[in-house]
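Take a look at the structure set out below.
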Amino acid sequence: MIACGLDFGTSNSAIGIVRDGLPPALVPVEAGDTLMPSAVFFDDETKGRVLFGNEAIAAYVGQTEGRLMRALKTILGSSLIHETTSLGGRKVPLAEVVGIFVRHLKRQAEAFAGQEITAVVHGRPVRFVDGDDQADARAQATLEAIAREAGFRDIAFVYEPIAAAHHYEQTVQAEELVLIADIGGGTSDFSLIRIGPARRGRADRSDDILASAGVRVGGTDFDTALSLAAVMPLLGLGTRLAEKDLPMPRAPYHELATWATINFAYTHRNERDLARLLADAAEPQKVRRLVEVVRRRLGHRMAFAVEDAKIGLSVAEEAAVALGFLEHGLAAAARRGDFEQAIAHHAERLQAAARDCIAMAGVEGASIDTVFLTGGSSRVPAVRAAITRAAPSARLASGSDLLSVALGLTQMAGHLTGR
């Protein structure tokens, strides 16, 4: 029997396989890489062509006519799951777009394995939806239906931080009480779990998992906050309408600053509304840039530039958001201090979720040996500091930030094969 571990992430995705007699292995999903951006591009110039990952992004950046879809996972558990997008002249449900991407990952794994794969250990966040158990259950049911439609028949769901713990456990030499902090693109998840060499071989690890908690906050929220703070003022956010003496509406800026809603800005009605706002703008040179972003479908270009600056601020005090694709020489200055102020509310929520997880386990923060940080957004200094405050005496550890969940899911898939 062959099984796979599937990490469908907001920003990046990976899939691995395990089969009798062979060690678990991640699949080279794109040009030999085992990690690919969770992106799909529908090419209008070559009808019916669909591109994935970096190829999808390259086609969009190269101004191929079509539609880029990214941060697909964020629609699960939200009202957007019921929305449609226009592709090739037809309305396509966003859930179907998610299915197209999952099927692509499955096909890549089957090509690597040389046979059909019907069993999967599928990662999921601890919470798709904050404070609504029914909506959370519906989100998993939607993801399960997508997996079945893709051809999986034996489906097991595992919390992503528990998968990361399984991977981290392979590296420890002694027993630890560890808080796993998986800070992803759309959600942040925490598990408090006992791990160690003597526990690895146990078939039932339920007693080792003391608590799990999650919150719908992640790297895409940080992107939105940075975009609104540093970039959107160059497009007129915070300026006024001259005749009405009112502030520019914030809605168009929020729509373009949020990965999951960028494509919704590209409508004829929206272009007409923005043209009217431009006519009454007190600072038309700025609002004209907003009109150009929508007219030329540059929202994702702007979001990528913001994401690059966010990553840069993890290692430097300042970064430039390059906007030369919109206007020659245009750039927004991003400073770490301003960025941290913009995401302060999100950081507080992460700290609260970590503390909730510890409290649910009934232990003191001082008893935690290690905080294991994973997920791309765990690199943000303000995020690391916020989580550290929940368990200040614990040792900080990290591993493969972008692949630890996929590796853990693949290792756990070995249980389905009897390995």
Side-chain angles (χ1 to χ4, degrees), residues 1-43 46 48-59 69 72-73 95-124 140 143-158 160 162-164 166-171 200-201 203 399-419:
M1 178 183 176
I2 185 169
C4 70
L6 173 56
D7 179 20
F8 168 47
T10 300
S11 300
N12 298 286
S13 294
I15 189 169
I17 63 168
V18 60
R19 44 192 165 176
D20 294 336
L22 293 173
L26 293 183
V27 173
V29 287
E30 185 178 34
D33 292 333
T34 55
L35 186 75
M36 70 184 300
S38 301
V40 185
F41 183 81
F42 297 90
D43 186 350
T46 306
R49 186 173 74 140
V50 182
L51 301 174
F52 301 91
N54 287 303
E55 281 192 334
I57 294 169
M69 308 290 290
L72 297 167
K73 188 178 179 181
E96 184 176 325
V97 178
V98 176
I100 290 169
F101 185 75
V102 170
R103 283 196 298 275
H104 174 74
L105 289 173
K106 183 174 185 285
R107 286 195 297 267
Q108 294 296 97
E110 289 172 337
F112 181 68
Q115 64 185 93
E116 183 184 17
I117 302 173
T118 60
V120 61
V121 174
H122 206 314
R124 61 149 290 175
Q140 178 172 307
L143 194 54
E144 181 173 355
I146 289 169
R148 292 196 183 282
E149 182 68 22
F152 291 116
R153 294 192 293 273
D154 188 353
I155 303 167
F157 283 97
V158 171
E160 288 156 359
I162 292 175
H166 192 89
H167 170 62
Y168 171 60
E169 187 177 43
Q170 312 308 309
T171 68
R200 290 177 196 155
S400 180
D401 291 341
L402 301 179
L403 288 171
S404 61
V405 171
L407 288 164
L409 291 169
T410 303
Q411 290 158 356
M412 296 178 84
H415 296 303
L416 295 181
T417 68
R419 292 188 71 249

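As the structure is a prediction and not an experimental result, all values here were calculated from the model.
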Could you tabulate the donor-acceptor pairs under 3.5 Å formed by side-chain atoms of residues 407-414, not counting sequence neighbours?
| unit_1 | atom_1 | unit_2 | atom_2 | d |
| --- | --- | --- | --- | --- |
| Thr410 | OG1 | Ala406 | O | 2.8 |

Side-chain donor-acceptor distances from residues 6-14 under 3.5 Å, at least two apart:
| unit_1 | atom_1 | unit_2 | atom_2 | d |
| --- | --- | --- | --- | --- |
| Thr10 | OG1 | Gly186 | N | 3.3 |
| Ser13 | OG | Gly9 | N | 3.0 |
| Ser13 | OG | Ser38 | OG | 2.7 |

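Proximity of Glu30 to Asn54: side-chain heavy atoms (C-beta onward) are separated by under 4.5 Å at one or more points. Leu26 has its side chain within reach of Leu403: a pair of non-hydrogen atoms, C-beta onward, lies under 4.5 Å apart. In this structure the side chain of Val40 reaches within 4.5 angstrom of the side chain of Phe52, judged on heavy atoms. Two residues are said to be in side-chain contact when any heavy atoms from C-beta on lie closer than 4.5 Å; Val29 and Leu105 meet this criterion.
The closest donor-acceptor contact from the side chain of Thr46 to the backbone of Asp43 lies at 3.5 Å or more, if one exists at all.
Take Ala113 and apply the side-chain contact (heavy atoms from CB on, under 4.5 Å) test, not counting sequence neighbours, and it matches Ile2, Ile17, Arg19, Gln115, Ile117. Applying the salt bridge (charged side-chain N to carboxylate O under 4.0 Å, His left out) criterion to Glu110, with sequence neighbours excluded, gives Lys106. When the side-chain contact (heavy atoms from CB on, under 4.5 Å) test is applied to Arg148, the partners found at least two apart in sequence or on another chain are Glu144, Ile155. Applying the side-chain hydrogen bond (donor to acceptor under 3.5 Å, both in side chains) rule to Gln108 yields no partners; only residues at least two apart in sequence or on another chain are considered.
Here the straight-line distance linking atom CZ of Phe101 with atom CE of Met36 works out to 5.0 Å at 0.5 Å rounding. Between atom CZ of residue Phe42 and atom CE of residue Met69 there is a gap of 6.5 Å, rounded to the nearest 0.5 Å. To the nearest 0.5 angstrom, Glu96 atom CD is 9.0 Å from Glu149 atom CD. From His166, atom NE2 reaches atom OG of Ser404 across 12.5 Å, with rounding to the nearest 0.5 Å.
A pairwise comparison of heavy atoms in Gly123 and Leu143 identifies O-CD2, 4.3 Å as the closest pair.
A donor and an acceptor atom, one from each side chain of Arg200 and Gln170, are nowhere located under 3.5 Å apart.
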Would Leu72 and Val97 satisfy side-chain contact (heavy atoms from CB on, under 4.5 Å), going step by step from the backbone distance to the final call?
CA-CA 8 Å; Leu72 297 167; Val97 178; 3.8 Å; yes
Tell me, with the steps shown, if Phe152 and Thr118 meet side-chain contact (heavy atoms from CB on, under 4.5 Å).
CA-CA 4 Å; Phe152 291 116; Thr118 60; 5.6 Å; no
